[in-house]
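Here is how names work: the chains are called A, B, and so on, in the same order as the sequence lines, proteins then strands, and each is numbered from 1. FYI, side chains are in, hydrogens and waters are out, and symmetry mates aren't considered; it's all heavy atoms of this structure.
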Amino acid sequence: MSDQVAGASLELRSAWLGAARDRLVDELDRVLGDALRLEGRRRPPWSEWVAISDFDLTGRCAGRFAHPDPDSSPRSATTLLTRALAKLALGAWDGTESPGSALRRVLPTITEPTWVVDALEELDPAARVAVQSSAEAWMADVLTSVRGRRDLRWQVARSRVEVPGRSIRLAAACDARLGDPRRPTTLLVHSGRLPDDAHDAVVAGFVSLVVCFWGRAVPERVRLSSAGTGIARRVVVTPEVLDRGVDRIVELASHRAVPDAAPLTPGGWCRWCHRLEDCTVGRAHLEPGA
Amino acid sequence: MDGVHTGPEAVVPLAVAVDDALASVPPDLVDGAEQVLSGLLASVDDRARSALDRVADRLPAGVVRVPKGRIADLQRCERLAVARHLRPDGRPPGRAALRGVALDRFVLLAVGGSALDEPTAELLSVLDAQGEESLCDQVLAAATDDLGVFDDLVGPVESWRDLPEEWWPRLQTAATVSLADGRVVCSGRLDAELGGPLVHRAGVVVEVKSSSPSPAHVEEVALYALLVGWRDGVPPALVVRWYPFHGAAVMPVDAGVLESAATRLAGAVEVWVELLAGREPREVPGPWCRWCPDASGCPSSTAPAAQDAGADRVPGQVVDGFDDGEAEWEPPEDGVDT
Ligand code: SF4
Ligand code: SF4
């Protein structure tokens, strides 16, 4: 995770952030018109907000995104707990001890976030061992990707942003950062996503914008590491990269604004789609011999 | 090299078996293995690209996935591989596969220092925490039929306790290689890893097997050695197959182990790409016909007819007592992504 390449100046990165925020608002006005617009002081109920998160960026079927499954959240509570514990332990890691030692040392001291404390209390001993074991595996994997680097600031909380004037919420996670939280130099995102130049730029643009939305500047770069590969790649943040993130937000929001216009893209993923029963395109794709 | 079995008689602590084996691995063996890694990656990548190019006009969009179960099936019978992986029927795991699921979780509990006083209840807790709701249902059904269905697995798992902390024991880790610019992916989930470059110790990969030792398991762990080598830049010094009733089979990783694994992987990628592009799969009958989903309609099948085989030999179902680790259940995340 070398940061040898000089990034853009703070002034420039600050100007890019302002421009990206403005462009998001303008593009939503242009594409959505009054759809999903917040009117006056009335805030619609939670269920009417459109949520766009980093999990949605690389989905292959717009139709599926346009009609979300009301019963499912993008990540299980256990996965979120596992990641949070791993990052709390990484924050206290001494550079040589095993992930298990660091985690066991940190566990009795956790008081924040309270949802982590509550979730831990609900687990019986066997379930707790399972969660700890997953957290340790995740720690080892991410440490492999960053080659044991110790100066990273691990981020437990996801960043959430309400788009000004719209009932649209954005959410993104960066797993760690270098630099000041309001103007970081590097963001690290560790996920199961494999390297893909086109998607990498979208993810980097989206995460930069959401994590820094109310900060002072976008980061110089985003590091994307893929679970299990030991590979971390660098995306230098530029106005073009930020545009990719903004464009994807606008595209996804427009699918939710007019769900029935969202195109269907069938594939192997239809097998696990909540829409399969009602989706003739998806069912036809999975027919034997199709 | 098939490795050394420590035998079923005494429960040899895994830490002892690994320590003894590591002591006898010559350092030049590891160095030799490390040196071939990048060449092997380049050659498998090349073969994957050529395979994709040959059928570019016929290949459905999407990533071609070749996890270990698919590679093993492709080596047996192409039609079996297509039936199991290209048209999975969502059938739940059979009893043998469920015991494999249970064994992995008992290992997790033993390594984590948890008691195994009520194995089925503890298994259910772990599966629930892991979000495996349908597996919970299967475990409950199996335990309703046979209350002690998993109990015999608990004793042998004791040998996993007290792994040295300085080895950084970690379970269910991922090792993945992305080939041909991400168009082909081979991923594995390793039951256990010890040591490795972060720990500044020789790496060890342990695969937990609930069935009897089989040559296919040797190929599996060799593939894992290759994937870990590509992930870490250094291959593990040892791969271990651990069987609850046969002990640990330890195999040092040399250049030859990695080369054969790379050859098998490249061959599997080539065949799977052709099958995805529409080539008719070849039929190669063998003992695997007994769990083939296509057995009832396949002219080459050697599976006994259902009426001869009894109710537990419905084609495609994992047969109780049919002792093959490859009857393992592939979870959805290993699904075909086309
Ligand atoms: S079934 Fe397939 S095509 Fe239909 S909405 Fe779901 S993912 Fe899209
Ligand atoms: S029945 Fe046997 S030969 Fe026929 S497809 Fe299945 S495994 Fe192959």
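The number of heavy atoms from other shown groups lying within 6.0 Å of CD (B/Glu118) does not exceed 12. More than 12 heavy atoms of other shown residues, nucleotides or ligands fall within 6.0 angstrom of atom CG in B/Asp19.
Heavy atoms closer than 4.5 Å to chain B are found in the backbone of A/Ala227, but not in its side chain. A/Leu194 touches chain B through its side chain: at least one heavy atom from C-beta onward sits under 4.5 Å away, while N, CA, C and O do not. Residue A/Thr96 touches chain B through its backbone alone, counting heavy-atom pairs closer than 4.5 Å. Heavy-atom distances place the side chain of A/Asp141, and not its backbone, under 4.5 Å from chain B.
Of residues 190-202 of chain B, those residues with a non-hydrogen atom less than 4.5 Å from any non-hydrogen atom of chain A are, in numerical order, B/Leu198. Residues of residues 99-116 of chain A that come within less than 4.5 angstrom of chain B, heavy atom to heavy atom, are A/Pro99, A/Gly100, A/Ser101, A/Arg104 in numerical order.
Not counting sequence neighbours, A/Arg244 has no partner by the side-chain hydrogen bond (donor to acceptor under 3.5 Å, both in side chains) test.
Of the N and O atoms on the side chains of A/His199 and A/Thr58, not one donor lies less than 3.5 Å from an acceptor on the other residue. Checked by atom type, the side-chain pair A/Arg221/A/Thr186 shows a donor-acceptor distance below 3.5 Å.
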Show me the donor-acceptor pairs within less than 3.5 Å that the side chains of residues 104-117 of chain B make with the rest of the protein, sequence neighbours left out.
from     : atom 1 : to       : atom 2 : distance (Å)
B/Arg105 : NE     : B/Gln130 : OE1    : 2.9
B/Arg105 : NH1    : B/Val101 : O      : 3.4
B/Arg105 : NH2    : B/Gln130 : OE1    : 3.1

